[in-house]
Protein chains: 2
Amino acid sequence: MPRLPRDEVRRRLLAAAERVFAERGYADSKLEDIARTAGFTKGAVYSNFGSKQELFGAILSERSEAELADVMAGLDAGADVAALIEQAARTVAQRIIDDTERGRLGLEIAARAIRDEETGAVVAPMRRAQRASAGRAVREVTERAGITPPVDPELAGTILHCLTNGLAMEHLVDREGVDADTAERALRAVLGWLTEGVRK
Amino acid sequence: MPRLPRDEVRRRLLAAAERVFAERGYADSKLEDIARTAGFTKGAVYSNFGSKQELFGAILSERSEAELADVMAGLDAGADVAALIEQAARTVAQRIIDDTERGRLGLEIAARAIRDEETGAVVAPMRRAQRASAGRAVREVTERAGITPPVDPELAGTILHCLTNGLAMEHLVDREGVDADTAERALRAVLGWLTEGVRK
DNA sequence: GGTACTGAATACCCGTGGGTATGCAACTAT
DNA sequence: ATAGTTGCATACCCACGGGTATTCAGTACC
């Protein structure tokens, strides 16, 4: 039986770890289970990663900051502001609701980042970049439409980012309480507010 | 040496557990440490609580849903809308920033609620009540001022609640990135928007 | 096709901490 | 007083899982 290339083994282990960590949380994720999920044994894990923590850390690097970027990519560049908001709200809400795994892992990462210095050092700049990215998006859209947003774009980015994460967390905790419709309406309302400026 | 009343022992253990769980997270909190922090030994824990999980669960019941209530209580009932917003934004932002322990524990609870059914069953209704409470606050303020909010109060409650939690989480992950001033400006902006309706 | 090397599998070690059984001192009742 | 009860302390057990030493199969290179 021909051996898989090392990179492929690594990839599979990371994918498995991502799922298992999301599902059970860091503490309850056993390296044995992660390995078996990927189709290997614990030996493969220690051959590719130095420790459990390192495996967890490696996942961070994989989670691209492209998160927002590919939401933006899904939008029609030509559409008018109202249509953009409609699309963005729907897309982000959808993500919150059906990509539960992402949300769970995100929460797990945040929870760990608070106590583990190393994790925090990676996560904090990542989050900052995401907020800035959201801020730029607001700036671009409002500038293009020639309107003045009610708050400066940077703050708007923070508001959007935190609201999105807050909604995601709330949905994870209370599935029915915060459903797709609620999330979408909330986002639409806030996006609408942020882009309903006085005409310049 | 006179013995402390049972209730006092329980109280001290809960207080200690709250601190330790917040500080180290559920998994890394040792019952031995919690007990010693309270000035007792593990025996006291098992005399008052059935298990580690039960101790953790007991903390939930103690965390009153009064959270928002006492923010509201701190506001001048007579003040006008603008002043109310100013006060509320400041108070909530302060809480987010300097009551780090509360935030940490809240995140820990949320993280656990996702996977532990029992915890989830307690937390979900609690959160629902908090959102509803925020919604009522918006309704009262706007009605009293005779203005129509841009979104219905219930949704406004959800937005405020999620934004607040999102800001708290963000601050925990990136202390300097989201500081008191940022949180306050974000809250003031959103509160301002929610209460700047058309005059009826 | 032999030799050296790489990397995953296997088996084992051992610290750790939740849980429990027993001891023993402080309150209660009669 | 004193027997019974309550409730925390003490000592112990043991499952569990991260980490490691060793083995052994597949691969590369000459």
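Computed from a predicted structure; not experimentally measured.
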Closest listed nucleotide, where the reference is the side chain of A:Ala44 and the choices are D:dC8, D:dG19, C:dA9: C:dA9

Starting the side chain at C-beta, find the nucleotide from D:dT20, C:dG19, D:dC8 nearest to B:Leu31. C:dG19

Write down the distance between CD (B:Glu8) and P (D:dC8), rounded to a whole number of angstrom. 12 Å

Do the side chains of A:Asp33 and A:Arg24 get close enough for a salt bridge, i.e. N-O under 4.0 angstrom? yes

Assign the ring pair A:Phe56 / A:Phe21 to parallel, tilted or perpendicular, where the plane angle (0 to 90°) is split at 30° and 60°. perpendicular

How many Å lie between CZ on B:Phe49 and C1' on C:dT20, as a whole number? 18 Å

Establish, yes or no, whether the cationic atom of B:Arg12 lies under 6.0 Å from the six-membered ring centre of B:Phe40 and within 45° of the ring axis. no

Between CG of B:Asp28 and P of D:dG18 the distance, given in whole Å, is 13 Å

Could you tell me the separation between the CZ atom of B:Arg10 and the C1' atom of D:dT6, rounded to a whole number of Å? 17 Å

Taking every non-hydrogen atom, the tightest pair across A:Leu194 and A:Ala156: CD2-CB, 3.8 Å

In whole angstroms, how far is the C1' atom of C:dG19 from the CD atom of B:Glu32? 13 Å

Can you work out whether A:Gly43 or B:Gln53 has the more 5'-proximal nearest nucleotide on DNA chain C? A:Gly43

Given D:dC8, C:dA11, C:dT20, which nucleotide is nearest the side-chain atoms of B:Ser47? D:dC8

Which of the following nucleotides, D:dC8, D:dG19, C:dG18, is nearest to the side chain of A:Lys52? D:dG19

Select base, sugar-phosphate, or nothing to describe what A:Phe40 touches, counting heavy atoms under 4.0 Å on all strands. sugar-phosphate

Can you figure out which of D:dC12, D:dT20, C:dA8 approaches the side chain of A:Lys42 most closely? D:dT20

Quick check for you: among C:dG19, D:dG18, D:dC8, whose closest atom lies nearest to any side-chain atom of A:Lys30? D:dG18

Can you tell me if the side-chain N/O atoms of A:Asn48 get under 4.0 Å from OP1 or OP2 in C:dA8? yes

Whole-Å distance separating the OH atom of B:Tyr46 from the C1' atom of C:dA21: 14 Å

Using 4.0 Å as the upper bound for N to carboxylate O, is an ion pair formed by A:Arg115 and B:Glu108? yes

Between atom CZ in A:Arg36 and atom P in D:dG17, what is the gap in whole Å? 14 Å

Rounded distance in Å - CD1 (B:Ile34) to P (C:dG19): 11 Å

